[in-house]
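Here's the structure, in C-alpha cells; my notes come after.
Every chain is numbered from 1 and lettered A, B, ... according to where its sequence line falls, protein lines coming before strand lines. Since we're looking at a predicted model, the values are computed, not measured.
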Amino acid sequence: MSGTAVRYKDSVQPVRTDSRDIDRRVAVLTGEAADQQASGTAGEHAQKQAEVWRNLPQPEANDPTYYDRPLLNEPVWKWAIPTYDYIGGLTGAALVLGAAAQIGDTASRERLIRRCHRIGFAGVVVSAALLVEDLGKPSRVLNMLRVFRPTSVMNMGAWILMGSSVLAFGAFVLRPRKGRLRRVGQFCGYAAGVFGAALATYTGVLTGNTAVPLWQASRKILPILFGVSAMSSVGTLFELTVESAEERRLTKLFGTVGQTAELAAEIVMERQAAVVPRVARPLHRGLGGFLWRSAMLLTGTGLLLGLTPRHTRNRRIVSGLLGTLGSVLMRFTVEHVGTVSARDARASFHQQRAGYGAAEVTGRTAAVL
Amino acid sequence: MAETKGFFTDTTLCIGCKACEVACKQWNQLPDDGFLFTGMSYDNTVHLGASTWRHVAFIERPVPLTPQHDGAFSWLFSSDVCKHCARAGCLESCPTGAIVRTEYGSVYVQPDVCNGCGYCIVSCPFGVINRREEDGQAWKCTLCYDRLREDMIPACAKACPTESIQFGNLEDLREHAKERVRKLHESGAHNAYLYGATAEDQPGTEGLNAFFLLMDKPEVYNLPPDPCVPTKKVKDSWLAAGATAAAMALVAVGAVLFGGRERV
C-alpha cells in the first residue's frame, strides 16, 4: 500500500473563501458549527489530517480492529500540562511541609517556613499561567470557576488551585507581619497545607479518570505516584538550593521518603498495567519505554547517591539534579505513554474483554459477541 | 421536558452512500477535513472528530460472516455518530459546564462557554468529541438541536435513503429495534444484536441514546466491547489521593519533629 496522500487538487473547484466552500459574500453562517474557525486555504488544513495508511493492517479473525485505526481521540495536552503536573506537585508538597514546619517552636525553622511559602506563592502563579497556556481558548479561563462540579476532576482542580493561591498568598504576605496579621498568615499557612496536599495529588486522579487504557489501568496508583513524586521534588530542590544543615536534614528526610515511594510506585504502576499485556506496551516499547526506564534510572541513582554517607556539596548537587530530572521526566513520560496508548485500539479492546471495562463496576461483562 | 430522543442506526440497512455525512456537513455548516485518500476501503473520513459528526465505516474483512455468502468475506457498513450516552463521560468531566443535557436528552456542547481544556476528549470512551485546532474548542454532534427546536428531524436521518438511521422517541426506537432483531433472527441472521440499546446492554454508559444494530463484534466497527464512563470508577482514585495526602502530611510532621535533630 503506497504511503503518500493524494489530494484531489483540481477535481473540484472550491470557492476558496474558507474550508466550508460557502461564499460569505452571498451566504450567512447560522448552523450549529457556525463558530468553527475555518483554516484558511484548502491546502493548509488538508496537511494536518490523520495519517494515511502506512502499514497494511493485519486482519485477525479473533482480534479484530477497524483497519488498526485508533478507537479514541488522543489527548490534546501539550508540554504545559506535564510541566504543570510537576510544578503543581512541587508547590503543593512545599505548602504541606510549610504547614508542618509551623507546628510547635518555630524559632529554628523560620527560614524554612519562609522558603516553603515563597515556593508556594511562586508555584501557584506559574501553575495558573501554565494551565492558561494549554487552553484552547485562554480568554475563557475563568469559565472554570463558573460552576462547582464534583464529577469533574478538572473543575475540582481549578477550585483547589484557586484556594491554594489565595492561601499561599496570605501566608507569604501576612505571616512575616506582627500581631493579628501574623495570626491570619499563620492560619493561611495551615490551610494552604491542606489545599497543597490536594494540589499535589489531584492531577493523578485527573489523569486516571480517563478512557485512555494505560491511564485507566493506573487510576489507583497515579494519585499515589504523583503525590510522592511531589514530595521527592521538594526534597531534591532543597538539596540543590539550601545551605543550612538543619533545614536540609529535615527536607531530606521528607524528600527521601517521597523518592523511595516514587520508585516503588513506578514499579507498581508497570506491574498493574501489565495485567493486560497490550495495555502496558507503551511502557515497554519505543520512546515511551526508553523514557520510562530513564526516569526510573534517574530517580534510583539520585536516591542512592543521596543516601551515601559522605555527603559532599558536589555529590548533593548531582543527587538533587538527578532526582529532579527523574521526577520531571516521569511526568512527561506518563503524558507520552498515555498518548501512545490512546492510539492503540487493541489496548482498549483487550482491556475491556479482560473484564476491566464496565465489568469492574458491574461485576459482569455485557458484551454480546 | 420533551421526551428523550435518539437514533437507532440499523447497520444491516446501511448501503454506505454517505448521504448522512454530507447532510450533516451541509446543514451544520461544518468545514471540510481535507481531501485525502486513505487507501482504506472506501472510507476517507476515517473517524469522528471536531468537524466530522457522522462517519460511515466501510468494513471489508477476509472473514466469513452469516448470512453473507460471498465466500470467506464480510462486507459491512455502519454510520457512526455521537452516542449521547445516558451517563456521558464528556459531560461529567467538563469543568466549565459547557456540556449540558438538553430537554431532548441529548448531550450538547455550548460553543460560547467551552474554553478548550481538552478533558472531554480523553473522557469519551468512544473517541467522539475532539478539539478543533483552529478555534481551540471542543465539538461534536448536537443531535441537530436547532432542527429539533423547529420540529424537524436531524439532517442525517432525514437524508438516509434506506432508513438505516432512524430518529424518534427513544422508547419507540427500542421497541422497534427489538422487533427488527427478532425478524432478522427469524430470517437466519442469528448474529444480529443491539449495541447499547439499554442500561442492561451497556452498564458502563447506562445506555446510549444513539444505539446500533450490529452483525459482528463491536471491535469490527471500531466500537468498544464494554465501555465505561471514567467517572464510574473515579472513587478509587480519590481514595488513593486522600490516603496519599494524609501520608504526605504525616511524613512532613514527622520530618519536622524528628528530622531536624543532629544525628547522634
Inset, instruction - Please look at B:Thr205 and chain A and tell me whether the side chain, the backbone, both or neither of the residue comes under 4.5 angstrom of a heavy atom of that chain. - result: neither
Legend entry - B:Cys117 portion near chain A, given a 4.5 angstrom heavy-atom threshold: both
Legend entry - Partner chain A: residue of B:Ala247, B:Gly204, B:Pro62, B:Ser93 with the largest heavy-atom pair count (under 4.5 Å): B:Ser93
Inset, instruction - Select one option (side chain, backbone, both, neither) describing which atoms of A:Val234 are under 4.5 Å from chain B's heavy atoms. - result: neither
Legend entry - Interface moiety of A:Gln216 toward chain B, non-hydrogen atoms closer than 4.5 Å: side chain
Legend entry - B:Ala243 portion near chain A, given a 4.5 angstrom heavy-atom threshold: neither
Inset, instruction - Go through the atoms of A:Arg219 and report whether side chain, backbone, both or neither lie under 4.5 Å from a heavy atom of chain B. - result: both
Legend entry - B:Leu76 versus chain A, the contacting section by heavy-atom distance below 4.5 Å: neither
Legend entry - Side chain, backbone, both or neither of B:Glu60 within contact of chain A (heavy atoms, under 4.5 Å): both
Legend entry - Which portion of A:Glu74 sits near chain B, non-hydrogen atoms under 4.5 angstrom: backbone
Inset, instruction - Below 4.5 Å from any heavy atom of chain B, which atoms of A:Pro213 appear? Answer side chain, backbone, both or neither. - result: neither
Legend entry - Heavy-atom side-chain proximity of B:Tyr108 to B:Leu143 below 4.5 angstrom: no
Inset, instruction - Enter the distance from B:Asp80:CG to B:Leu48:CG here, rounded to the nearest 0.5 Å. - result: 4.5 Å
Inset, instruction - Take the angle between the ring planes of A:Tyr66 and B:His55 and call it parallel below 30°, perpendicular above 60°, tilted in between. - result: perpendicular
Inset, instruction - Pick one of side chain, backbone, both or neither for A:Met231, based on which atoms fall under 4.5 Å of a heavy atom in chain B. - result: side chain
Inset, instruction - Counting only heavy atoms closer than 4.5 Å, note whether A:Phe148 contacts chain B via side chain, backbone, both or neither. - result: neither
Legend entry - Cation-pi check, B:Arg147 onto B:Trp27 ring (under 6.0 Å, within 45° of axis): yes
Inset, instruction - Could you tell me which portion of A:Val132 (side chain, backbone, both or neither) has an atom closer than 4.5 angstrom to a non-hydrogen atom of chain B? - result: neither
Legend entry - Side-chain donor/acceptor of B:Thr198 to backbone N/O of B:Asp201, under 3.5 Å: yes
Legend entry - Residue part contacting chain B, namely of A:Ser348, when any heavy atom lies under 4.5 Å: neither
Inset, instruction - Please determine, among B:Met248, B:Arg61, B:Glu92, B:Lys233, the option with the most heavy-atom pairs under 4.5 Å with chain A. - result: B:Lys233
Legend entry - Part of B:Leu223 within contact of chain A (heavy atom distance under 4.5 Å): backbone
Inset, instruction - Search all heavy atoms of B:Asp135 against all heavy atoms of A:Asp35 and return the closest pair with its distance. - result: OD2-O, 4.1 Å
Inset, instruction - Could you look at B:Tyr195 and say if it's the side chain, the backbone, both or neither that has a heavy atom under 4.5 Å from chain A? - result: neither
Inset, instruction - Test side chain to side chain contact (heavy atoms under 4.5 Å, CB included) on A:Arg140 and B:Thr96 and set out the steps. - result: CA-CA 9 Å; A:Arg140 292 185 188 166; B:Thr96 64; over 6 Å; no
Inset, instruction - Sort A:Arg346 into side chain, backbone, both or neither according to what part of it lies under 4.5 angstrom from a heavy atom of chain B. - result: neither
Inset, instruction - Tell me, for A:Leu206 versus chain B, whether the close heavy atoms (under 4.5 Å) come from the side chain, the backbone, both or neither. - result: both
Legend entry - Per-residue contact mode, B:Val229 against chain A (heavy atom under 4.5 angstrom): neither
Inset, instruction - Examine whether an atom of B:Thr231 lies under 4.5 Å from a heavy atom of chain A, and if so say whether it belongs to the side chain, the backbone or both; otherwise answer neither. - result: both
Inset, instruction - Rounded to the nearest 0.5 Å, what's the gap from CH2 on B:Trp139 to OG on B:Ser51? Could you check? - result: 10.0 Å
Inset, instruction - Please lay out, stage by stage, how A:Trp215 and A:Asn209 fare under the test side-chain hydrogen bond (donor to acceptor under 3.5 Å, both in side chains). - result: CA-CA 8 Å; A:Trp215 288 347; A:Asn209 182 46; over 6 Å; no
Legend entry - Electrostatic pair B:Glu219:B:Lys217 at N-O distance under 4.0 angstrom: no
Inset, instruction - Go through the atoms of A:Ala93 and report whether side chain, backbone, both or neither lie under 4.5 Å from a heavy atom of chain B. - result: both
Inset, instruction - Can you tell which part of A:Gln351 gets under 4.5 Å to a heavy atom of chain B, answering side chain, backbone, both or neither? - result: neither
Legend entry - Choice from B:Gly127, B:Ser74, B:Pro95, B:Ala240 maximising heavy atom contacts with chain A below 4.5 Å: B:Pro95
Legend entry - Contact class of A:Ala200 relative to chain B, heavy atoms under 4.5 angstrom: side chain
